[in-house]
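Structure first, commentary second.
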Amino acid sequence: MPPLIVAFAALAALDVAAVAAGLPPLEWVAKPLLAPVLAVHLWRMTGTRHVPVLAGLGFAAAGDVALMLPGRVAFAVGIAFFLGAQLCWTAAFLRAGALRYLRPRRRLCAVHLGVWAAAVAALAPALGPVLGTAVAVYASALVTMALTARVLGRRAAGGGLVFLGSDLLVGLGAAGADFPGRAVLVMVTYTVALALIATAFTTAEARQADGCSEMLPMTAGTAEP
C-alpha cells in the first residue's frame with residue numbers, strides 16, 4: 001500500500017476516534033489533512049493529468065475546516081466549498097466520457113433525480129428558505145457527481161454513493177434530526193468516499209498501464225456497467 005494512503009488511513013482513524021471521544025483539538029489536527037494527503041498521493045501518481053480532481057480535493061479541505069466551525073454561516077460556507085468540490089469532480093468525470101456513458105442509461109439518471117428530490121423534500125423545510133435553497137443546489141451537484149462517477153467503474157461509483165450517504169447524514173444533523181453515532185458515521189463514510197474517488201483515477205490509470213482490456217473511459221469510451 002502506498003505510504004500516503006497509509007498516512008490517510010491513519011489520519012482518518014484518528015479523526016473518527018476524535019469525533020467519537022469528543023476531542024475537537026484532536027479533530028483539528030487530523031481532519032484538515034485528509035484531502036491534502038490524498039491530493040499529494042494523486043499528484044505523485046499521475047502528475048497534473050487530473051487537475052480538476054486535485055482542485056476538488058482542495059475545495060474539500062477548505063470545506064472540512066469550515067464545517068468544524070460553529071454556526072449556520074460556517075455551515076453555509078462549508079456547503080459552498082463542497083459545492084466547488086462536487087463541480088470539480090463532475091468536470092473530471094465528464095472529461096472521462098460520462099455523458100456518452102449515461103446517454104443510454106435514462107433509468108439510472110431518473111433514479112438519481114428521485115434521490116435528489118426526496119432528500120430536498122425531506123430536509124429543506126426544516127432548514128428554512130435560505131439554507132434549504134443552498135442545500136437543494138448543493139444536493140443537485142452532489143447527485144450529479146455521484147451519477148457521472150459511474151463512468152470510471154465500481155470504485156468511483158461506490159465513492160459517489162457513499163458520499164451521498166455521508167452528506168445525507170450531515171443534512172439530517174443540520175435539520176435537527178440527530179441520533180447517537182451520527183457524527184461518527186459521517187466521518188467514516190466521508191473518509192471512505194474521499195479515498196474511493198481519489199484512488200479511482202490512479203486505479204484506472206494502473207489498469208490501462210498494465211494493458212487490461214478494460215481501458216480508461218477517457219481514452220477508450222468504455223466503462224463498467
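Quick note: numbers below take in every heavy atom, side chains included, and nothing from hydrogens, waters or symmetry partners. Everything numeric in this text was worked out from a predicted model, so none of it was measured.
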Supply the atom-to-atom distance [X] [atom1] to [Y] [atom2], rounded to the nearest 0.5 angstrom.
{"X": "D167", "Y": "L172", "atom1": "CG", "atom2": "CG", "answer": "11.0 Å"}
{"X": "H112", "Y": "R105", "atom1": "NE2", "atom2": "CZ", "answer": "12.0 Å"}
{"X": "L57", "Y": "L194", "atom1": "CG", "atom2": "CG", "answer": "5.5 Å"}
{"X": "T203", "Y": "L152", "atom1": "OG1", "atom2": "CG", "answer": "9.5 Å"}
{"X": "M45", "Y": "I5", "atom1": "CE", "atom2": "CD1", "answer": "8.5 Å"}
{"X": "L99", "Y": "L94", "atom1": "CG", "atom2": "CG", "answer": "5.0 Å"}

Under 3.5 Å donor-acceptor, [X] side chain and [Y] backbone:
{"X": "W116", "Y": "A136", "answer": "yes"}
{"X": "S166", "Y": "V162", "answer": "no"}
{"X": "T191", "Y": "V188", "answer": "yes"}

Locate the shortest heavy-atom distance separating [X] from [Y]; write the atom from each residue and the value.
{"X": "A96", "Y": "V151", "answer": "O-CG2, 3.7 Å"}
{"X": "A35", "Y": "A60", "answer": "CB-CB, 4.1 Å"}
{"X": "L42", "Y": "A198", "answer": "CD1-O, 3.9 Å"}
{"X": "A156", "Y": "F93", "answer": "CB-CE2, 4.2 Å"}
{"X": "C88", "Y": "A55", "answer": "SG-CB, 3.8 Å"}
{"X": "A157", "Y": "R150", "answer": "CB-CG, 3.8 Å"}

So if you build clusters from Ile, Leu, Val, Met, Phe, Trp, Tyr with side-chain heavy-atom gaps below 4.5 Å, do [X] and [Y] land together?
{"X": "Y101", "Y": "L196", "answer": "no"}
{"X": "L161", "Y": "M187", "answer": "yes"}
{"X": "L131", "Y": "L169", "answer": "yes"}
{"X": "L4", "Y": "V192", "answer": "no"}
{"X": "L34", "Y": "L67", "answer": "yes"}

Inset, instruction - Please find out if less than 6.0 Å separates the ring center of Y138 from that of F81. - result: no

Inset, instruction - Start with the C-alpha gap between L123 and L168, add the side-chain angles, then the distance that decides, and say whether side-chain contact (heavy atoms from CB on, under 4.5 Å) holds. - result: CA-CA 9 Å; L123 296 176; L168 178 59; 4.2 Å; yes

Inset, instruction - Test I197 against M145 for side-chain contact (heavy atoms from CB on, under 4.5 Å), laying out the working first. - result: CA-CA 10 Å; I197 289 171; M145 184 280 292; 3.9 Å; yes

Legend entry - Heavy-atom neighbours of R44 CZ exceed 12 at 6.0 Å: no

Counting C-beta onward and ignoring hydrogens, is there a side-chain heavy-atom pair between [X] and [Y] closer than 4.5 Å?
{"X": "L113", "Y": "V143", "answer": "no"}
{"X": "R155", "Y": "T199", "answer": "yes"}
{"X": "V65", "Y": "P32", "answer": "yes"}

Legend entry - Verdict with supporting geometry, V135 and V120, side-chain contact (heavy atoms from CB on, under 4.5 Å): CA-CA 7 Å; V135 167; V120 170; 5.7 Å; no

Inset, instruction - Output every pair passing salt bridge (Lys or Arg N to Asp or Glu O under 4.0 Å) with a member in residues 16-32, not counting sequence neighbours, ordered by first then second residue. - result: none

Inset, instruction - Can you spot which of F82, F163, W89 makes a side chain to side chain contact (heavy atoms under 4.5 Å, CB included) with L142? - result: F163

Legend entry - Test applied, side chain to side chain contact (heavy atoms under 4.5 Å, CB included); reference residue, F8; option that passes from L33, V40, V37: V37

